[in-house]
Amino acid sequence: MMEWVIANMAPLMFGALVAFLLFGYPVAFALAANGIVFGLIGIELGLLQPALFQALPERIFGIMANDTLLAIPFFTFMGLILERSGMAEDLLDTIGQLFGPIRGGLAYAVIFVGALLAATTGVVAASVISMGLISLPIMLRYGYDKRLATGVIAASGTLAQIIPPSLVLIIMADQLGRSVGDMYEGAMIPGLVLTGLYFGYVALITIIKPDAAPALPPEARSLRGLKLMTRALTSLVPPLILIFLVLGTIFLGIATPTEGGAMGAAGALILAISRKRLSWKLMKQAMETTGKLSSFVVFILVGSTVFGLTFRAVNGDLWVEHLLLSLPGGEVGFLIVVNIMVFLLAFFLDFFELAFIIVPLLAPVADKLGIDLVWFGVLLAVNMQTSFMHPPFGFALFYLRSVAPAAIKTTDIYWGAIPFVCIQIIMVALIILFPNIVSYGDPAQKEMQRMEREGTAPVINLDTLIPQGDDGEETKGDGELLKGLQSNDN
């Protein structure tokens with residue numbers, strides 16, 4: 001019996017973790033408890049050394065000293081200040097007036113504002129609750145189909161998961177050991193394509209079922225002409241400037257993601273002050289929520305570190321690697337199985353839990369198969385987006401249910417979400433079929449890195465570049481310069 005336990009410690013440990021999570025135990029404590037208990041069992045059975053846990057303090061201190069994680073409180077604070085200072089309300093009202101004359105105009109406005117909020121807040125709850133409170137009653141008043149209205153609001157709010165500055169991309173970059181800037185740059189085009197697919201779905205519905213998304217009647221369009229254009233400019237320009245201040249400086253290499261988040265938080269405060277909506281109460285609420293979310297992330301990361309230490313000590317990483325590398329179909333088979341697994345796990349786990357538990361197990365296998373980890377991270381981020389939309393446990397659905405009027409049934413919200421979950425799955429397939437959708441960095445540099453990883457990079461011998469004289473001696477000039485540069489590098 002003991003021999004069997006020792007031989008199957010890794011699958012037993014993983015199974016125990018799944019059981020704890022299904023029973024509803026807090027993720028951080030379930031991870032840490034599994035790591036400590038199975039570590040003690042391993043020590044008792046002679047499989048592990050007691051010195052194993054001496055590595056924990058250093059690892060936990062490393063988490064606390066991780067500069068990348070500083071971006072999380074900055075972007076969270078920025079999003080909360082913007083959401084509670086009324087920016088979403090102004091945007092929805094203005095864009096709704098712009099798109100109002102066309103069929104499905106309010107739905108287009110919700111998607112457009114959802115993408116803008118995603119690029120400024122990065123917080124799903126803020127986007128869904130804001131649009132649910134503001135736009136849902138208006139859409140119902142003018143005859144929109146309940147399922148379409150709720151589905152559009154929930155799906156548009158989840159764009160905050162893939163359009164930078166997304167919190168999940170920061171976590172993914174940390175777990176994959178890649179740059180947050182590269183993750184942001186790689187996710188930008190998939191985020192915009194997904195937004196376009198949402199627009200396309202609404203357009204298709206307006207053709208098939210015109211009554212599901214009628215145009216606003218003339219009496220509902222209070223702003224016209226120059227007044228409407230002035231309102232649109234004053235509502236759109238400040239968030240666009242903030243987007244450039246945050247994402248533009250990161251993409252141009254002027255600022256790190258942490259610095260960009262700090263500038264975004266400062267910009268959000270300036271916008272709130274300019275609108276005369278900043279108060280001590282708002283500041284207190286934003287800081288409390290930011291502190292809670294940041295603590296939540298750090299505690300899960302500490303728990304996953306404890307779990308990961310023991311799991312690797314019992315060769316759990318090798319067990320996972322063996323399972324995934326033995327799949328038929330090579331790289332394609334691996335991607336299909338992993339995405340199905342993440343999609344199914346997203347029914348029960350949110351994106352933080354998936355990022356901290358599943359990604360560290362999958363990343364080494366993906367790297368061994370030669371899969372670009374930034375591309376892999378963006379692919380998983382799009383897939384994890386469905387965790388907010390899955391009936392019956394999708395958080396975006398819960399957020400919307402909490403603010404939806406009594407006339408909206410929970411089943412309406414669930415049925416409205418299903419078409420958008422299908423669109424998100426189509427987006428996952430598009431990234432696999434057209435990998436160049438995820439584009440970041442310098443293509444030449446990426447190709448050189450790929451060749452170095454595969455061992456096919458050309459070797460440059462400086463001696464062949466130095467011209468020789470008739471007597472076999474090196475000529476002066478360029479040869480001396482090359483040798484001097486080489487000696488300086490060494």
Side-chain angles (χ1 to χ4, degrees), residues 111 115 118 151 155-156 158-159 161-164 166 168-169 172-173 175-176 178 182-205 323-347 351 354-355 358-359 361-390 417-447 449-451 453-454:
I111 297 170
S156 301
T158 61
L159 287 173
Q161 284 304 106
I162 190 63
I163 294 179
S166 161
V168 70
L169 294 177
M172 295 291 283
Q175 295 296 302
L176 294 170
R178 292 298 183 266
D182 285 345
M183 291 293 294
Y184 278 0
E185 194 174 345
M188 184 57 75
I189 295 178
L192 295 177
V193 172
L194 186 60
T195 305
L197 291 176
Y198 289 169
F199 274 108
Y201 173 72
V202 173
L204 184 64
I205 290 295
L323 282 178
L324 295 176
L325 287 178
S326 59
L327 291 171
E331 182 181 324
V332 175
F334 167 78
L335 291 173
I336 292 172
V337 169
V338 162
N339 278 284
I340 291 173
M341 180 180 70
V342 170
F343 178 77
L344 294 176
L345 286 173
F347 276 89
F351 74 95
L354 288 169
I358 303 300
V359 173
L361 301 178
L362 300 178
V365 185
D367 195 38
K368 253 186 184 176
L369 289 170
I371 298 172
D372 184 280
L373 290 185
V374 172
W375 179 88
F376 187 62
V378 172
L379 176 69
L380 291 184
V382 174
N383 197 331
M384 288 179 191
Q385 200 179 6
T386 61
S387 69
F388 279 92
M389 295 288 290
H390 279 151
I418 289 173
F420 291 95
V421 172
C422 295
I423 292 172
Q424 290 169 344
I425 295 171
I426 290 170
M427 190 67 229
V428 171
L430 287 175
I431 293 176
I432 295 175
L433 292 173
F434 306 100
N436 287 334
I437 291 177
V438 179
S439 177
Y440 71 96
D442 181 18
Q445 185 179 1
K446 285 199 299 180
E447 180 64 17
Q449 289 173 350
R450 183 191 66 80
M451 293 172 69
R453 186 170 59 247
E454 295 174 357

Starting at [atom1] of [X], measure out to [atom2] of [Y] and round the result to the nearest 0.5 Å.
X      : Y      : atom1 : atom2 : value
Leu169 : Leu176 : CG    : CG    : 10.5 Å
Leu335 : Ile431 : CG    : CD1   : 11.0 Å
Asn339 : Leu379 : CG    : CG    : 4.5 Å
Met172 : Met384 : CE    : CE    : 4.5 Å
Gln161 : Leu194 : CD    : CG    : 12.0 Å
Gln175 : Leu361 : CD    : CG    : 10.0 Å

Would you check if the side chain of Thr158 reaches a backbone N or O of Ala155 as a donor-acceptor pair within less than 3.5 Å?
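Looks like yes, one N/O pair under 3.5 Å.
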Please determine whether side chain to side chain contact (heavy atoms under 4.5 Å, CB included) holds for the pair Phe343 and Val421, giving the CA-CA distance in whole Å, both sets of side-chain angles, and the decisive distance to 0.1 Å.
CA-CA 10 Å; Phe343 178 77; Val421 172; 4.0 Å; yes
Exercise: identify the closest heavy-atom pair between [X] and [Y]:
X      : Y      : value
Asn383 : Thr386 : O-OG1, 2.6 Å
Gly151 : Phe420 : C-CE1, 3.4 Å
Leu373 : Ala366 : CD2-CB, 4.1 Å
Ala381 : Val168 : CB-CG1, 4.5 Å
Tyr198 : Ser156 : CE1-N, 4.4 Å
Pro190 : Val378 : CG-CG1, 4.0 Å

Exactly one of Ile162, Ile432, Val193 should register a side-chain contact (heavy atoms from CB on, under 4.5 Å) with Met427. Which one does?
Val193
Out of Val202, Thr195, Leu197, which residue meets the side-chain contact (heavy atoms from CB on, under 4.5 Å) rule with Phe199?
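The single option meeting the side-chain contact (heavy atoms from CB on, under 4.5 Å) with Phe199 is Thr195.
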